[in-house]
Number of protein chains: 2
Amino acid sequence: MTLAEVARRAGVSAATVSRVLSGSPAVKPSMRERVLTVVRQVNYLPNVHAQALAGGRSRTLGMIVSNIENPFFLGVFMALEEHATQQEYEVLVEHTGYRRERLVASIRSMLKRRVEGLAVIVSEMDRGLIEELAAQDVPVVFYDVGRPARNITSIRVRYDRGTQRTAEYLYSLGHRRFGFVGHHAGLGPLEERKRTFTEVMERFGKGVRFATASGMDSPAGGRHAAGDLLSGTLRPTAILCANDHMAVGVLRELHDRGLRVPDDVSVAGFDNIGLAEHLCPSLTTVRIPQRMIGQLAFEALMFGDAAKPRDIVIEPELIVRESSGPAPGTNRRRRID
Amino acid sequence: MTLAEVARRAGVSAATVSRVLSGSPAVKPSMRERVLTVVRQVNYLPNVHAQALAGGRSRTLGMIVSNIENPFFLGVFMALEEHATQQEYEVLVEHTGYRRERLVASIRSMLKRRVEGLAVIVSEMDRGLIEELAAQDVPVVFYDVGRPARNITSIRVRYDRGTQRTAEYLYSLGHRRFGFVGHHAGLGPLEERKRTFTEVMERFGKGVRFATASGMDSPAGGRHAAGDLLSGTLRPTAILCANDHMAVGVLRELHDRGLRVPDDVSVAGFDNIGLAEHLCPSLTTVRIPQRMIGQLAFEALMFGDAAKPRDIVIEPELIVRESSGPAPGTNRRRRID
DNA sequence: TTGAAAGCGATACCAT
DNA sequence: ATGGTATCGCTTTCAA
């Protein structure tokens with residue numbers, strides 16, 4: 001069924017049908033009724049491709065994430081989508097599995113679909129791709145990579161602060177042997193998190209020892225990484241994870257080895273995914289406001305003032321739950337104050 | 001940048017550029033090179049809307065799920081998408097939150113986008129909607145609802161068998177007081193699962209008592225439902241959950257109440273999401289092959305022979321893990337055979 | 001093997 | 001307030 005056919009059946013012009021469907025005020029109520037009746041009768045649904053082509057707007061936003069199985073990304077997506085829906089926009093998602101070639105394909109795909117805005121929430125960005133997007137005239141939001149520019153809004157989280165706070169908190173609990181579970185060594189922002197960890201550790205001085213390991217961004221990956229960490233000579237009493245998704249597997253590996261959390265080993269995640277508080281033990285983590293990020297991304301894409309590109313910085317916040325506690329052997333008397 | 005502009009710069013006709021881009025063999029290699037050079041030079045990306053409009057095919061599949069935060073749905077999506085990508089198709093996802101009005105909107109949206117196939121993996125289907133889709137000429141796959149028809153493939157899982165096996169297994173372990181944690185009472189397939197549970201329970205006879213509760217399809221929902229169940233007078237020693245996603249919260253609630261799993265209470269989920277084996281305790285559950293469902297859906301949509309609509313039935317399989325064990329007070333001597 | 005031109009199904013401008 | 005029509009960017013005959 002086409003617009004033209006609807007017009008014919010209603011005995012009006014295509015222009016009128018179009019006006020009715022787009023809710024133009026310049027159409028007499030009687031006319032509107034006549035048209036709508038036919039529309040309902042034949043169950044007419046406009047062809048978005050024709051609309052996008054003729055109208056020059058797709059009413060579509062795109063979002064590319066590294067790993068859609070990681071609830072963090074899903075959280076951002078849900079928020080973005082919620083806002084978009086309110087403005088009658090749709091959101092297309094693609095996920096890359098942290099692979100650059102898939103990112104390239106996803107970007108191409110989004111551009112071919114003529115999205116009116118693109119949120120790129122991935123870690124596998126490199127300078128080349130960033131510049132290619134900066135050359136486009138689509139509004140773009142980057143998370144954790146890139147610099148603001150004409151069409152670019154940058155949202156970034158102070159991972160360093162989050163890592164630092166977590167480490168200091170654990171240090172204050174008496175921990176002196178730390179482990180870090182990361183993933184995808186080699187990807188810019190992820191590498192940076194690990195480096196931050198290393199720096200914080202070194203700042204503690206000689207009394208502190210540490211090791212790092214990595215796996216895929218999944219519970220299984222976290223489990224493997226934790227396995228590596230625990231098989232080493234360090235025997236860490238505190239493990240920081242690059243994210244909660246992996247921390248799930250870390251908890252599991254600890255459990256398998258008969259290590260109690262937090263009595264024997266403390267674990268901290270990152271992101272505060274919904275699952276974190278439902279795990280046993282619930283997960284100490286760093287809150288990254290997914291909903292806020294989704295909303296900010298949406299606003300940047302839709303209402304971004306091309307004149308003043310924004311650089312949004314988010315301060316993370318430590319959330320202490322059951323998975324962390326005093327280092328084993330520490331005096332556990334608690335001050336009740 | 002448009003096809004026409006590329007054609008101009010290459011000094012050829014639009015038709016030729018189109019042929020080159022679609023990999024038509026009827027174009028001289030030299031010509032192909034000339035065109036591709038320009039295409040790369042100007043970074044040309046075809047407009048999918050124009051392609052879809054002119055070509056009459058969108059090279060797009062649609063998938064609608066009830067709850068994208070439930071890893072089960074995500075698992076099916078990932079598999080479907082993987083296969084689609086191999087055939088140069090894209091998959092659009094929408095999620096409904098179990099709300100009929102959103103399902104209606106999603107279906108409309110997909111139809112307007114002229115998807116070439118639509119997988120509807122939701123519980124909030126009703127006869128009206130099913131028939132509306134059956135009237136369409138798009139291939140459709142339903143999961144767990146609807147009957148096969150001209151353009152309809154139906155994939156269904158024998159939930160009854162899964163529930164039955166789980167219940168019998170727990171019964172054999174000595175459990176006599178059962179709880180069921182479901183969600184969205186009132187939605188067809190979900191209601192059915194609960195009824196199945198009830199039937200199985202009643203079949204056990206007078207020695208068995210049971211109760212049901214429900215919440216949202218989320219860990220938090222499972223937690224609340226479990227809370228209700230445990231606040232009652234029944235004091236179940238075994239809890240069956242409508243899915244693993246909710247079971248996560250059930251485990252947590254048990255933990256909060258100081259009940260040990262499986263020593264005090266056994267828990268069984270449904271779906272076997274990836275997380276299930278990483279929980280502590282790992283979750284006894286019923287395996288629903290998500291990847292297979294995704295693949296079957298894909299094949300039905302792409303290669304479905306309109307002549308013979310298919311009715312695919314999947315037999316679930318019980319997976320016993322740590323969250324289930326003998327009922328408390330049961331003689332625990334184990335035969336070592 | 002390549003080009004010209006007729007659609008595809010809407011929108012939006014210009015008339016009336 | 002309504003209609004006519006050029007236009008969007010591409011695919012696909014049909015000719016040459």
Side-chain angles (χ1 to χ4, degrees), chain A residues 1-39 42-60 88 90 108-116 137-138, chain B residues 1-39 42-60 88 108-109 111-116 137-138:
Chain A
M1 182 59 53
T2 69
L3 216 202
E5 176 65 10
V6 171
R8 200 186 58 69
R9 300 207 191 194
V12 301
S13 75
T16 296
V17 176
S18 178
R19 283 190 201 98
V20 169
L21 261 26
S22 63
S24 159
V27 47
K28 197 179 292 181
S30 62
M31 184 86 292
R32 177 185 309 284
E33 269 325 303
R34 174 138 65 105
V35 172
L36 286 180
T37 301
V38 176
V39 165
V42 302
N43 208 334
Y44 167 70
L45 292 175
N47 182 323
V48 291
H49 299 113
Q51 289 184 313
L53 194 52
R57 340 182 325 140
S58 62
R59 299 203 74 83
T60 298
E88 312 247 291
E90 296 223 39
R108 284 224 146 71
S109 162
M110 293 295 185
L111 260 18
K112 294 207 294 184
R113 291 197 121 84
R114 300 300 190 260
V115 293
E116 293 179 42
D137 57 359
V138 189
Chain B
M1 180 60 52
T2 69
L3 216 205
E5 176 65 9
V6 170
R8 202 185 57 69
R9 299 207 190 194
V12 301
S13 75
T16 297
V17 177
S18 177
R19 286 191 197 100
V20 169
L21 261 26
S22 63
S24 159
V27 48
K28 196 178 292 180
S30 62
M31 184 86 293
R32 177 185 309 285
E33 268 325 301
R34 177 139 62 105
V35 172
L36 285 180
T37 301
V38 176
V39 165
V42 303
N43 209 333
Y44 168 69
L45 292 175
N47 181 324
V48 292
H49 299 112
Q51 288 183 312
L53 193 53
R57 345 183 320 143
S58 63
R59 297 202 76 80
T60 298
E88 312 246 292
R108 285 224 145 71
S109 163
L111 260 19
K112 294 207 295 183
R113 291 197 121 85
R114 300 302 191 258
V115 293
E116 294 179 41
D137 56 359
V138 189

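Quick note on labels: first sequence line is chain A, next is B, and so on, each numbered from 1.
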(message) Could you tell me if the side chain of B/L45 sits less than 4.5 Å from the side chain of A/R108, heavy atoms only?
(response) yes

(request) Quick one: closest heavy-atom pair of B/Y44 and B/L21, and the distance? (result) CE2-CD2, 3.4 Å

(request) Could you list where the contact with chain A starts and ends along DNA chain D, reading 5' to 3', using a 4.0 Å heavy-atom cut-off? (result) D/dA1 to D/dG9

(request) Using atom CE of A/M1 as one end and atom C1' of C/dC8 as the other, report the distance to the nearest whole Å. (result) 16 Å

(message) Tell me which pairs pass side-chain hydrogen bond (donor to acceptor under 3.5 Å, both in side chains) where either residue lies in residues 16-35 of chain A, with sequence neighbours left out.
(response) A/S13-A/T16

(message) With heavy-atom distances below 4.5 Å as the criterion, would you say the side chains of B/V6 and B/M1 are in contact?
(response) yes

Considering only nitrogen or oxygen atoms on both sides, find all protein atoms under 3.5 Å from nucleotides 3-6 of chain C and state each distance.
{"from": "C/dG3", "atom 1": "OP2", "to": "B/S13", "atom 2": "N", "distance (Å)": "2.9"}
{"from": "C/dG3", "atom 1": "OP2", "to": "B/S13", "atom 2": "OG", "distance (Å)": "3.1"}
{"from": "C/dG3", "atom 1": "OP2", "to": "B/T16", "atom 2": "OG1", "distance (Å)": "2.6"}
{"from": "C/dG3", "atom 1": "N7", "to": "B/R19", "atom 2": "NH2", "distance (Å)": "3.3"}
{"from": "C/dG3", "atom 1": "O6", "to": "B/R19", "atom 2": "NH2", "distance (Å)": "2.4"}

(message) To check you understand the geometry: which heavy-atom pair defines the closest contact between A/A52 and A/S58, and what is its length?
(response) CB-CA, 4.1 Å

(request) Could you please spell out the steps behind the side chain to side chain contact (heavy atoms under 4.5 Å, CB included) verdict for A/R9 and A/V42? (result) CA-CA 10 Å; A/R9 300 207 191 194; A/V42 302; 3.6 Å; yes

(request) Return the 5'-most residue of the pair B/R32, A/L3 with respect to DNA chain C, ranking by each residue's nearest nucleotide. (result) B/R32

(message) Could you measure the distance from the NE2 atom of A/H49 to the CG atom of B/N47? Nearest 0.5 Å is fine.
(response) 9.0 Å

(request) Nearest 0.5 Å please: distance from the CD atom of A/Q51 over to the CZ atom of A/R57. (result) 10.5 Å

(request) Could you say whether A/L45 or B/V27 is positioned toward the 5' end of DNA chain C, judged by the nucleotide with the nearest heavy atom to each? (result) B/V27

(request) Give the rounded distance in Å between these two atoms: CZ of B/R113 and P of C/dC8. (result) 22 Å

(request) Whole angstrom is fine here: how far is it from CG in B/N47 over to C1' in C/dG9? (result) 14 Å

(message) To the nearest 0.5 Å, what is the distance between OG1 on A/T60 and CE on A/M110?
(response) 9.5 Å

(request) Have a look at the helix from C/dT1-D/dA16 to C/dT16-D/dA1 and give the angle its two end axes make, five pairs each, rounded to 10 degrees. (result) 40°

(message) I need the CZ-P distance between B/R57 and C/dG7, as an integer number of Å.
(response) 22 Å

(message) Check whether B/R59 reaches the backbone of B/E88 with its side chain - one donor and one acceptor, N or O, closer than 3.5 Å.
(response) yes

(request) Could you tell me the separation between the CZ atom of A/R114 and the P atom of C/dT11, rounded to a whole number of Å? (result) 19 Å

(request) Can you sort out the partners of B/R113 under salt bridge (Lys or Arg N to Asp or Glu O under 4.0 Å), two or more places apart, ordered by chain and number? (result) A/E90

(request) Mind listing the residues from residues 48-56 of chain A sitting with a heavy atom below 4.0 Å of DNA chain D? Number order is fine. (result) A/L53, A/A54

